[in-house]
Amino acid sequence: MSDELRAGFCAIVGLPNVGKSTLLNRILDRHLAAVSAKPQTTRDRILGVHTFDLPGIAPDPAVPADLAGPDDPAAPADPADPTASAAPRRAQIAYVDTPGVQDGRGPLRRYMREAALAAADDADVVLLLVDATDRRGRMPERLAEPDVAALGQASRNHPIVIGLNKVDRVAKLELLPVIEAWAGFAPGIDVVPISAITGDGIETLERTIAARLPVGPALFPPELVTDRTPGFIAQEIIREQLYHQLGKELPYACAVQIETWTEKAADELAIRAVIVVERESQKAIVVGRGGARIRELGIAARQAVGEALGKTVHLALFVKVLTEWSRGEAKLRRLGYGGRGDG
């Protein structure tokens, strides 16, 4: 039918800092997920929906029609079958960005680990993102190690695509043995070299994923990009700016809560947000001497949130202490890490 397309869920999984959130933001052309060089910046499963035309649907005159595989989204319909319909011309991939998988103590790390593994279990396709610059983590043997073995097992339960990321920073000859090693990781696997930063290989990656999705009706309206609220996106961006502004001084257990959200006009927004830390010493780091650091943070966050939401933003930031919040289940839920955390 003409309204059918290749549609399904694709979990983006991998070790910390392989570029999962950067890739999602690149695909959607939108600042949705927090990105930084600090491991485990992503704490929640984040849905990003990309509905797009599949390029190259018309048969290539240079390629005989009988060489087009049945799983090729560009393959034409069988002219001998009167019930056959043309291959779908569109795809809708519901990407689920996940925290990097690693062992760690405490309920916050456990929450993030379980979120990633659950996304892999629920997906139609698993996109296993690999950092091509990580000499230890870029080989399949890494997934046999105890801290991430569960990720390898969950990934094998579904069709897998390997996204070999950051290839713009690695010599091509160095990549060949990595690609060859991953090609034997699971039956029918595809390895796609990409750069989430530059966008190289992203179109090929999406077509490869789409070819593995079932044909059927769309899962979401075509205009939907995410099910996350603007409040959640603002929280993510403010927390991202915390990572950028504080660097190594940033306490691991920092969270952001939106306290008030006021639409002052169609294009103007007032936000009051609270940065939550676990100790008074951490509060002093975030505030800075004479409040200088939090003022700088507010300026950067206000600009970034405004650009992401397309509005003029008035942002007021405050810091409060919630003792050992990352170590208590009830406090985690209070900050949104026991449920959806939409803010």
(request) Quick one: do S21 and D97 satisfy side-chain hydrogen bond (donor to acceptor under 3.5 Å, both in side chains)? Show the steps, please. (result) CA-CA 6 Å; S21 296; D97 184 23; 2.6 Å; yes

(request) Determine, for E296 against R293, whether the closest basic-nitrogen to carboxylate-oxygen distance falls under 4.0 angstrom. (result) no

(request) Tell me, please, which residues at least two apart from E206 pass side-chain hydrogen bond (donor to acceptor under 3.5 Å, both in side chains). (result) H50, Y95

(message) Rounded to the nearest 0.5 Å, what separates atom SG in C10 from atom CD1 in I27?
(response) 8.0 Å

(request) With the side chain counted from C-beta on, respond yes when K20 and T98 share a heavy-atom pair under 4.5 Å apart, and no when they do not. (result) yes

(request) Give me the other members of the hydrophobic cluster that L224 sits in, counting Ile, Leu, Val, Met, Phe, Trp and Tyr linked by side-chain heavy atoms under 4.5 Å, directly or via other members. (result) F9, L47, V49, V96, L219, F220

(request) Please identify each residue that fulfils side-chain hydrogen bond (donor to acceptor under 3.5 Å, both in side chains) with Q245, with sequence neighbours left out. (result) none

(message) Take a 6.0 Å sphere around CD of E174 and say whether it holds more than 12 heavy atoms from other residues, nucleotides or ligands.
(response) yes

(request) Assess whether atom CD of E180 is packed by more than 12 heavy atoms of other residues, nucleotides or ligands within 6.0 Å. (result) no

(message) Tell me which pairs pass ring pair (Phe, Tyr, Trp, His ring centres under 6.0 Å) where either residue lies in residues 171-210, with sequence neighbours left out.
(response) W182-F185

(request) Could you tell me whether the side chain of R138 and the main chain of A132 form a donor-acceptor pair under 3.5 Å? (result) yes

Throw together a table of side-chain donor-acceptor distances under 3.5 angstrom for residues 266-276, partners on residues two or more places apart or in other chains.
residue: E268; atom: OE2; partner: H314; partner atom: NE2; Å: 2.7
residue: R272; atom: NE; partner: E259; partner atom: OE1; Å: 3.0

(message) Minimum heavy-atom separation for A196 and N165, please, with both atom names.
(response) N-OD1, 2.9 Å

(message) Under the side-chain hydrogen bond (donor to acceptor under 3.5 Å, both in side chains) definition, can you give me all pairs with a residue in residues 22-35, not counting sequence neighbours?
(response) H31-E240

(request) Quick one: do D168 and S195 satisfy side-chain hydrogen bond (donor to acceptor under 3.5 Å, both in side chains)? Show the steps, please. (result) CA-CA 6 Å; D168 54 310; S195 170; 3.0 Å; yes

(request) Indicate yes or no: does E263 engage K311 in a salt bridge with an N to O separation below 4.0 Å. (result) yes

(message) Are more than 12 heavy atoms, taken from residues, nucleotides or ligands other than L176, located less than 6.0 Å from that residue's CG atom?
(response) yes

(request) Report the distance from atom CD of E203 to atom CZ of R207, rounding to the nearest 0.5 Å. (result) 7.0 Å

(message) Between R142 and D147, does any NZ, NE, NH1 or NH2 come within less than 4.0 Å of an OD or OE carboxylate oxygen?
(response) yes

(message) With rounding to the nearest 0.5 angstrom, report the CG to CG distance, L315 to L317.
(response) 4.0 Å

